[in-house]
Protein chains: 4
Amino acid sequence: MPDSTRRSERSRHAILTAAHELVAEVGYRKLTIEAIAARAGVGKQTIYRWWPSKGAVVLDGMLAAMGDPEDLALPDTGDVDADLRGVVHAIVEELAEPGLSGTSRSLMIEMQDDPDLAEGVLERLLGPQLAAIADRLRAAQDAGQLRRDLDLSVAVEMLIGPLYHRWLLRTAPLTPAYADTVTDLALRALAPDRLASHGEDRLE
Amino acid sequence: MPDSTRRSERSRHAILTAAHELVAEVGYRKLTIEAIAARAGVGKQTIYRWWPSKGAVVLDGMLAAMGDPEDLALPDTGDVDADLRGVVHAIVEELAEPGLSGTSRSLMIEMQDDPDLAEGVLERLLGPQLAAIADRLRAAQDAGQLRRDLDLSVAVEMLIGPLYHRWLLRTAPLTPAYADTVTDLALRALAPDRLASHGEDRLE
Amino acid sequence: MPDSTRRSERSRHAILTAAHELVAEVGYRKLTIEAIAARAGVGKQTIYRWWPSKGAVVLDGMLAAMGDPEDLALPDTGDVDADLRGVVHAIVEELAEPGLSGTSRSLMIEMQDDPDLAEGVLERLLGPQLAAIADRLRAAQDAGQLRRDLDLSVAVEMLIGPLYHRWLLRTAPLTPAYADTVTDLALRALAPDRLASHGEDRLE
Amino acid sequence: MPDSTRRSERSRHAILTAAHELVAEVGYRKLTIEAIAARAGVGKQTIYRWWPSKGAVVLDGMLAAMGDPEDLALPDTGDVDADLRGVVHAIVEELAEPGLSGTSRSLMIEMQDDPDLAEGVLERLLGPQLAAIADRLRAAQDAGQLRRDLDLSVAVEMLIGPLYHRWLLRTAPLTPAYADTVTDLALRALAPDRLASHGEDRLE
DNA sequence: AATTAACCGAGACGGTACGTCCTGTCTTGTA
DNA sequence: TACAAGACAGGACGTACCGTCTCGGTTAATT
């Protein structure tokens with residue numbers, strides 16, 4: 001996001017790197033703007049000038065560290081089951097990894113009290129991921145592999161809502177077997193009726 | 001949690017009440033121990049003596065305000081669909097309500113960085129609710145209304161995971177219609193195969 | 001000072017001992033009632049019951065550690081010079097010793113803001129010492145060895161005022177040579193005129 | 001003590017003024033850093049940043065309120081008796097005045113446990129006053145009005161040691177008559193022998 | 001090339017809250 | 001029933017950060 005009025009690209013980069021490193025080292029809660037500034041060798045004002053909140057810096061730091069989002073699109077092999085199973089496994093894997101997991105958990109937390117951050121996280125971090133899944137589901141729906149009356153946003157939630165629930169509440173570990181179980185159940189919910197003669201269910 | 005060495009029941013009650021009131025008034029983030037102490041007419045040390053963190057006080061305050069948890073048990077009318085639809089509607093309603101919602105959202109936030117609080121929230125607030133749903137599901141399973149090979153904890157997550165996902169990410173509003181949709185889809189996932197002749201699915 | 005209504009002589013003694021030890025270990029300023037109570041194995045209330053202030057406890061502890069004050073009376077060898085030189089040397093020695101010095105310095109300090117303590121220190125600690133010197137001076141005066149028109153309390157101050165000044169302000173070390181110098185000068189001030197024919201000085 | 005890195009002269013002045021006012025209003029013991037900060041409209045950290053202790057602030061406040069120390073030099077009318085009598089009267093007057101007296105008494109107290117403060121008080125507050133007296137005494141000595149073998153620092157103590165002794169111990173009130181008495185006696189001690197033919201006294 | 005205006009680092013500033021310590025009083029349970 | 005033990009309300013401590021605000025000292029882009 002190069003801003004023409006911004007002078008020091010070096011500072012911007014150092015800030016994002018410092019934020020990303022520090023959030024991994026001390027956790028989001030103990031992260032301070034002063035520490036980021038010190039680590040980045042930057043005046044506090046330089047941070048306050050360009051970012052409205054700690055969360056915004058961390059979000060940018062995370063996005064910068066993730067690199068290009070071109071690989072978000074799900075493969076479409078024609079096999080819905082396999083494709084979705086793949087993405088569920090990938091998410092479970094990602095959420096199970098302690099490092100990244102902590103940061104994004106903190107971001108999801110912080111957005112609860114910070115509407116601007118919420119918007120940012122949703123539009124730039126989570127939104128694209130959800131949209132990618134929805135896209136694949138739409139293709140499957142068009143191919144008649146999923147119920148025609150599905151609300152795709154709900155469908156996505158049926159797939160990954162359980163994962164996030166377990167991840168946030170830490171009620172149980174996130175394992176590949178769990179990914180399979182969830183995929184199975186979700187697909188059962190999303191699949192068309194075996195006898196497609198009448199799709200008059202009460203689904204909206 | 002009556003402690004034999006604790007002296008002033010009056011103070012304990014005043015603290016929990018103040019915490020509950022204040023978290024509703026100013027929100028969790030802006031809530032301070034000093035404000036709780038001042039409102040409760042209590043020395044700060046009295047709070048620090050009995051609670052390890054702000055989150056712990058708020059959790060206790062919330063539990064105290066909720067009263068006895070005997071009414072958590074779901075009704076069992078014999079009609080799984082209706083009973084679960086009822087609890088999903090209740091949860092959606094609760095999560096949609098701004099006041100309570102904010103507090104528990106904050107607690108879920110705080111537990112991410114505080115394992116002790118996480119344990120407390122899970123065991124005393126969320127655990128019982130999840131267990132109540134699991135109990136009802138078990139009864140339905142025993143009655144042959146749900147798949148025999150269900151992992152009940154996963155089943156619970158299929159029901160309410162989507163709700164929490166939408167609630168935390170604020171991707172869309174929580175409405176009664178949404179509650180119905182989720183119930184329908186979840187039940188479809190949990191129901192036994194129409195032709196029970198072959199339950200060989202890969203569910204664990 | 002055994003009080004008939006006092007129950008535990010053991011407690012009283014333990015408190016005074018603890019106070020005396022602690023003031024030597026951590027200094028008066030860092031001495032706390034709580035520490036005295038803990039060291040003495042006594043409830044705080046037991047201290048507050050019998051002493052009005054920290055200073056009072058320390059004063060009593062000091063007096064208890066000093067033992068009987070019978071040896072305060074100065075010798076009267078008939079030689080004023082020698083007798084006073086002796087007491088000045090003794091005081092200088094005492095003030096130069098770090099341990100005792102610190103405690104009594106602290107007491108003199110504390111009395112500045114605590115009239116009750118001031119009275120106690122004056123009547124029970126310093127008063128008797130000053131009176132002993134005054135007594136010896138009076139004897140000398142009666143023997144014609146000192147000016148007849150001397151105000152004895154001022155005379156005492158001429159002798160030991162300089163010592164305390166140097167001690168409190170730490171402007172220079174207190175040495176035996178200094179004791180001699182002060183004694184010489186003070187005696188010169190207090191001695192009768194060489195030609196006693198006219199004592200018309202303006203001394204009151 | 002202007003520090004090149006110090007920014008707000010306004011704050012510095014407000015702090016010193018507040019300290020000076022408050023110590024007069026509530027006394028040194030009850031004076032708190034928080035109260036100074038509040039009165040000065042300043043953050044506590046701004047005080048802690050520049051002063052190591054409460055005593056240091058009060059000392060600076062006192063020095064600031066006293067203004068330039070150029071008028072410390074004693075007059076030299078050629079009449080030692082009159083000049084010294086004047087300064088003794090001035091000191092007695094100053095010590096007898098409740099306001100200033102309390103503050104400097106507190107400072108003398110505090111320096112007992114705080115070597116840094118002791119150094120400050122000595123060098124910046126008391127030292128110059130003592131030096132001024134010593135200077136006058138030296139002139140008198142050079143003029144043959146005082147004993148040639150005098151240690152001037154001891155001589156100063158003979159003059160004002162008695163005053164401070166009475167002031168600190170409050171054994172008796174400080175009156176002009178007392179000032180005269182002390183001056184008379186001290187001068188008698190410091191004066192050269194009437195028959196100056198042999199100054200071989202034991203004075204060092 | 002000189003001027004100038006924004007940005008930069010550094011960190012002081014007025015504040016708020018922290019968690020600790022101690023005060024002097026009050027309460028409980030033990031001997 | 002006097003005591004040790006220590007909880008209590010209160011309040012100051014000294015620290016950590018907040019977000020704002022000067023300070024010079026570089027940069028660019030404009031004169």
Can you tell me the distance, in whole Å, between the [atom1] atom of [X] and the [atom2] atom of [N]?
X       : N      : atom1 : atom2 : result
B:Ile36 : E:dA17 : CD1   : P     : 12 Å
A:Glu34 : E:dA10 : CD    : P     : 13 Å
C:Leu31 : E:dC21 : CG    : P     : 17 Å
D:Ile47 : F:dC13 : CD1   : C1'   : 13 Å
A:Ile33 : E:dG11 : CD1   : P     : 18 Å
D:Arg29 : E:dC22 : CZ    : P     : 16 Å
B:Glu9  : F:dA7  : CD    : C1'   : 14 Å
A:Gln45 : E:dA6  : CD    : P     : 15 Å

Is any side-chain heavy atom of [Y] closer than 4.5 Å to one of [X]?
X       : Y        : result
B:Trp50 : B:Gln45  : no
C:Leu59 : C:Trp51  : no
D:Asp60 : D:Arg124 : yes

Short side-chain N/O contact to [N] OP1/OP2 from [X], under 4.0 Å:
X       : N      : answer
B:Arg10 : F:dA9  : yes
D:Thr46 : E:dG14 : yes
B:Trp50 : F:dC8  : yes
D:Arg49 : E:dC13 : yes
C:Thr32 : E:dC21 : no

Presence of donor-acceptor pair under 3.5 Å, side chain of D:Lys44 and base of E:dG14 |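 Counting by modelled atom types and ignoring angles, no donor-acceptor contact under 3.5 Å is found here.
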When you look at C:Glu25 and C:Arg39, which way does the salt bridge (Lys or Arg N to Asp or Glu O under 4.0 Å) test go after all the steps?
-> CA-CA 12 Å; C:Glu25 291 173 19; C:Arg39 168 81 61 105; 2.8 Å; yes
Pairwise 5' ranking along DNA chain F for A:Pro52 and B:Gly41, keeping only the more 5' one =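 The residue closer to the strand's 5' end, by nearest nucleotide, is B:Gly41.
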Between C:Arg29 and D:Asp114, is there a side-chain N and carboxylate O pair less than 4.0 Å apart?
->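 A salt bridge is absent here (no side-chain N lies under 4.0 Å from a carboxylate O).
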In terms of side-chain heavy atoms of A:Ser11, which of E:dC8, F:dA9, F:dC18 is nearest?
->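 Per side-chain heavy atoms of A:Ser11, the pick is E:dC8.
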